[in-house]
2 protein chains.
Amino acid sequence: MIKRNPNSTLAFALLGLIWQEPRSGYDLRKFFSSTPMISFSDSPGAIYPALHRLELRGLVRGHVEERSGLRRRRIFQLTARGRAEFKRWQKQPVKRHDVVRNLDALMLRFAFMDQFAEKGAAFRFLKGLHKELAAYIPSLREYLISNRDYMPQAGRLALESGIQGYEAQLRWTKAAMATYGKTKGERR
Amino acid sequence: MIKRNPNSTLAFALLGLIWQEPRSGYDLRKFFSSTPMISFSDSPGAIYPALHRLELRGLVRGHVEERSGLRRRRIFQLTARGRAEFKRWQKQPVKRHDVVRNLDALMLRFAFMDQFAEKGAAFRFLKGLHKELAAYIPSLREYLISNRDYMPQAGRLALESGIQGYEAQLRWTKAAMATYGKTKGERR
DNA sequence: TAGTCCATGTAAGATGTTACATGATTCA
DNA sequence: TGAATCATGTAACATCTTACATGGACTA
């Protein structure tokens with residue numbers, strides 16, 4: 001029977017890394033702890049159960065590596081199902097909800113975009129992200145203007161921090177689109 | 001017996017809002033869904049259980065509002081323990097771990113800073129945040145420089161997005177410190 | 001009377017955190 | 001021999017998500 005649970009952000013991070021090259025749980029933990037993907041937990045209590053779930057769902061397959069010395073490692077690879085599921089995740093349209101609640105997951109999706117998604121997916125993703133940011137930022141600005149006088153100073157500043165963060169993201173999005181436009185001769 | 005569980009980010013958001021003024025679960029849900037705090041879930045399945053936990057732990061107290069018509073509301077107030085717990089949370093030092101894994105919670109802490117924390121806490125918070133950002137950003141830059149050539153293009157771009165987000169946060173932090181310096185005559 | 005808003009709640013289920021446990025190998 | 005590193009795992013616990021349930025009052 002097919003499990004109908006949506007995979008977590010961690011699950012997709014694992015799938016993406018394993019697709020890049022087969023890796024063990026330990027490899028993945030080390031990757032998280034020693035690269036900017038440090039924003040993911042490298043705790044064994046998160047990673048090993050997540051890998052087992054992926055295996056149960058048929059998205060990865062692990063096999064024990066034979067080697068002398070050292071404790072045996074289980075190396076995981078993506079299955080065809082795993083690759084399909086990852087692609088499905090990558091090509092979902094960018095929703096406001098993602099921008100508001102889950103920007104990190106969105107950027108994770110993008111990070112693997114030109115390795116595993118179809119041609120043009122990265123550019124489409126950026127266009128969608130641009131659209132949602134360009135719609136969301138003014139609504140935050142309007143809230144600030146209307147409520148300035150009723151908000152405590154720190155609250156006001158905190159909101160400005162959020163707005164400026166989204167504005168930086170918007171600038172990045174434009175620059176990234178230009179990159180793809182140039183590199184791939186993509187047109188709107 | 002005293003419960004030793006750390007409260008969640010949502011729990012502290014609820015405590016801060018209830019401290020501002022007594023509110024019902026419904027008030028809190030509406031606040032989340034209609035302001036930039038939309039980044040919190042307004043789902044009843046998150047909010048009502050969280051309020052019950054806070055009450056169990058003695059951090060809030062709810063009482064049923066008497067009124068004709070409409071269904072009764074339970075209005076919550078902070079207890080002395082709730083206020084103490086919130087202050088304790090606010091004055092924790094800024095750690096790199098917070099910057100890397102939980103920047104949103106950090107900004108929530110700041111958002112209530114000049115209402116409920118002691119004088120000078122906001123400025124100290126900003127100094128700590130500045131220090132951690134100024135230390136973390138170069139380590140991301142160095143990773144990018146060392147690994148540029150081995151990273152896929154989208155991965156590189158995603159990392160740049162993260163760096164630029166942190167840089168925007170750093171600029172904001174400096175500007176906010178200047179605000180407090182001016183307003184309060186605070187000195188380093 | 002049907003729909004919408006006010007208002008609070010629970011149930012099932014998955015995921016994540018922290019802490020603990022274990023065992024092999026290498027190196028000082 | 002003790003410490004560090006490689007390597008995988010489990011247990012307890014809390015929290016969150018989604019979906020469902022309920023019921024009063026207002027209004028078109």
Side-chain angles (χ1 to χ4, degrees), chain A residues 1-15 22-34 39-57 59-60 62-76 97-98 100-102 104-105, chain B residues 1 3-14 22-34 39-57 59-60 62-76 97-98 100-102 104-105:
Chain A
M1 75 209 149
I2 294 156
K3 278 278 195 171
R4 279 263 146 269
N5 306 353
N7 292 291
S8 65
T9 303
L10 171 61
F12 286 111
L14 297 174
L15 289 175
R23 298 179 202 245
S24 68
Y26 194 74
D27 289 339
L28 293 159
R29 291 182 58 209
K30 288 297 127 180
F31 194 87
F32 287 150
S33 64
S34 66
S39 59
F40 289 92
S41 169
D42 69 341
S43 130
I47 304 218
Y48 291 107
L51 287 168
H52 292 322
R53 286 193 296 272
L54 291 174
E55 195 161 35
L56 263 175
R57 292 169 195 184
L59 306 181
V60 302
H63 65 273
V64 175
E65 190 187 47
E66 294 306 333
R67 52 174 190 171
S68 57
L70 285 173
R71 190 169 173 180
R72 84 281 170 205
R73 297 149 33 91
R74 293 192 67 208
I75 309 289
F76 292 91
H97 187 265
D98 299 317
V100 174
R101 301 277 304 271
N102 229 0
D104 289 350
Chain B
M1 76 209 150
K3 278 278 196 172
R4 279 262 144 270
N5 306 352
N7 292 291
S8 66
T9 304
L10 171 60
F12 285 111
L14 297 173
R23 298 179 203 244
S24 68
Y26 194 73
D27 290 339
L28 292 159
R29 292 183 57 210
K30 288 297 126 179
F31 194 87
F32 287 150
S33 64
S34 66
S39 58
F40 289 92
S41 168
D42 69 340
S43 132
I47 302 214
Y48 290 107
L51 287 168
H52 293 321
R53 285 193 297 272
L54 291 174
E55 195 161 35
L56 263 175
R57 291 169 195 185
L59 306 182
V60 302
H63 65 274
V64 176
E65 190 186 48
E66 293 305 333
R67 52 175 191 172
S68 57
L70 286 173
R71 189 169 173 181
R72 84 282 169 205
R73 297 150 33 91
R74 294 193 66 208
I75 309 289
F76 292 91
H97 187 266
D98 300 318
V100 174
R101 301 278 302 272
N102 228 0
D104 289 349

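So that the names make sense, note that chain A is the first sequence line, chain B the second, and so on, each numbered from 1. When reading the values below, keep in mind they use all heavy atoms of this one structure, side chains included, and skip hydrogens, waters and symmetry mates. Small disclaimer: the values here were computed from a predicted structure and weren't measured.
Within the structure, a side-chain polar atom (N or O) of Tyr48(A) is placed less than 4.0 Å from OP1 or OP2 of dT8(D). Side-chain nitrogen and oxygen atoms of Tyr26(A) include none within less than 4.0 Å of the OP1 or OP2 phosphate oxygen of dT8(D). For Arg73(A), no side-chain nitrogen or oxygen approaches OP1 or OP2 of dG23(C) to under 4.0 Å. Phosphate contact (OP1/OP2 of dC16(D), side-chain N/O of Ser41(B), threshold under 4.0 Å): absent. Between Arg53(A) and dT15(C) there is a side-chain N or O to OP1 or OP2 distance below 4.0 Å.
In this structure, Ile47(A) places its CD1 atom 15 Å from P of dC6(D), rounding to the nearest Å. Atoms CD (Glu65(B)) and C1' (dT8(C)) sit 14 Å apart, rounded to a whole Å. Asp27(B) places its CG atom 17 Å from the P atom of dC5(C), with the value rounded to the nearest Å. Regarding Asn102(B), its CG atom lies at a distance of 13 Å from the C1' atom of dT17(C), rounded to whole Å. If you take CG of Leu51(B) and P of dT15(D), they are 13 Å apart, rounded to a whole angstrom. Rounded to whole Å, atom P of dT17(D) lies 11 Å from atom CZ of Phe32(B). Distance, Leu10(B) CG to dT17(C) P: 17 Å, rounded to whole Å. The nearest whole Å value for the distance from the CG atom in Leu56(A) to the P atom in dG9(D) is 13 Å.
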Query - Criterion side chain to side chain contact (heavy atoms under 4.5 Å, CB included) on Thr9(A) and Asp104(A), from CA distance to verdict - result: CA-CA 9 Å; Thr9(A) 303; Asp104(A) 289 350; over 6 Å; no

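Contact annotation for Ser8(A): backbone-only contact, meaning every heavy-atom pair under 4.0 Å involves sugar-phosphate atoms and none involves a base. Counting any heavy atom pair closer than 4.0 Å across all strands shown, Arg29(A) reaches a base atom. Among the atoms of the strands shown, only primed sugar atoms or phosphate atoms (P, OP1, OP2) are found under 4.0 Å from some heavy atom of Gly25(B).
At least one side-chain heavy atom of Asp27(A) sits less than 4.5 Å from a side-chain heavy atom of Arg73(A). Using a 4.5 Å cut-off on side-chain heavy atoms (C-beta onward), Leu59(A) and Leu15(A) make contact. Looking only at side-chain heavy atoms (C-beta outward), Phe32(A) and Leu14(A) come within less than 4.5 Å of each other.
Atom-to-atom distance recorded for Ile75(A):CD1 and Tyr26(A):OH is 13.0 Å, nearest 0.5 angstrom.
For Ser43(B), the side-chain atoms get nearest to dT18(D) when compared with the rest of dT18(D), dG9(D), dT15(D). Checking dT15(D), dT17(C), dG9(C) against every side-chain atom of Arg101(B), the shortest atom distance belongs to dT17(C).
Of the residues near DNA chain C, Ala11(A) and Lys30(B), the one whose nearest nucleotide (by heavy atom distance) lies more toward the 5' end is Lys30(B).
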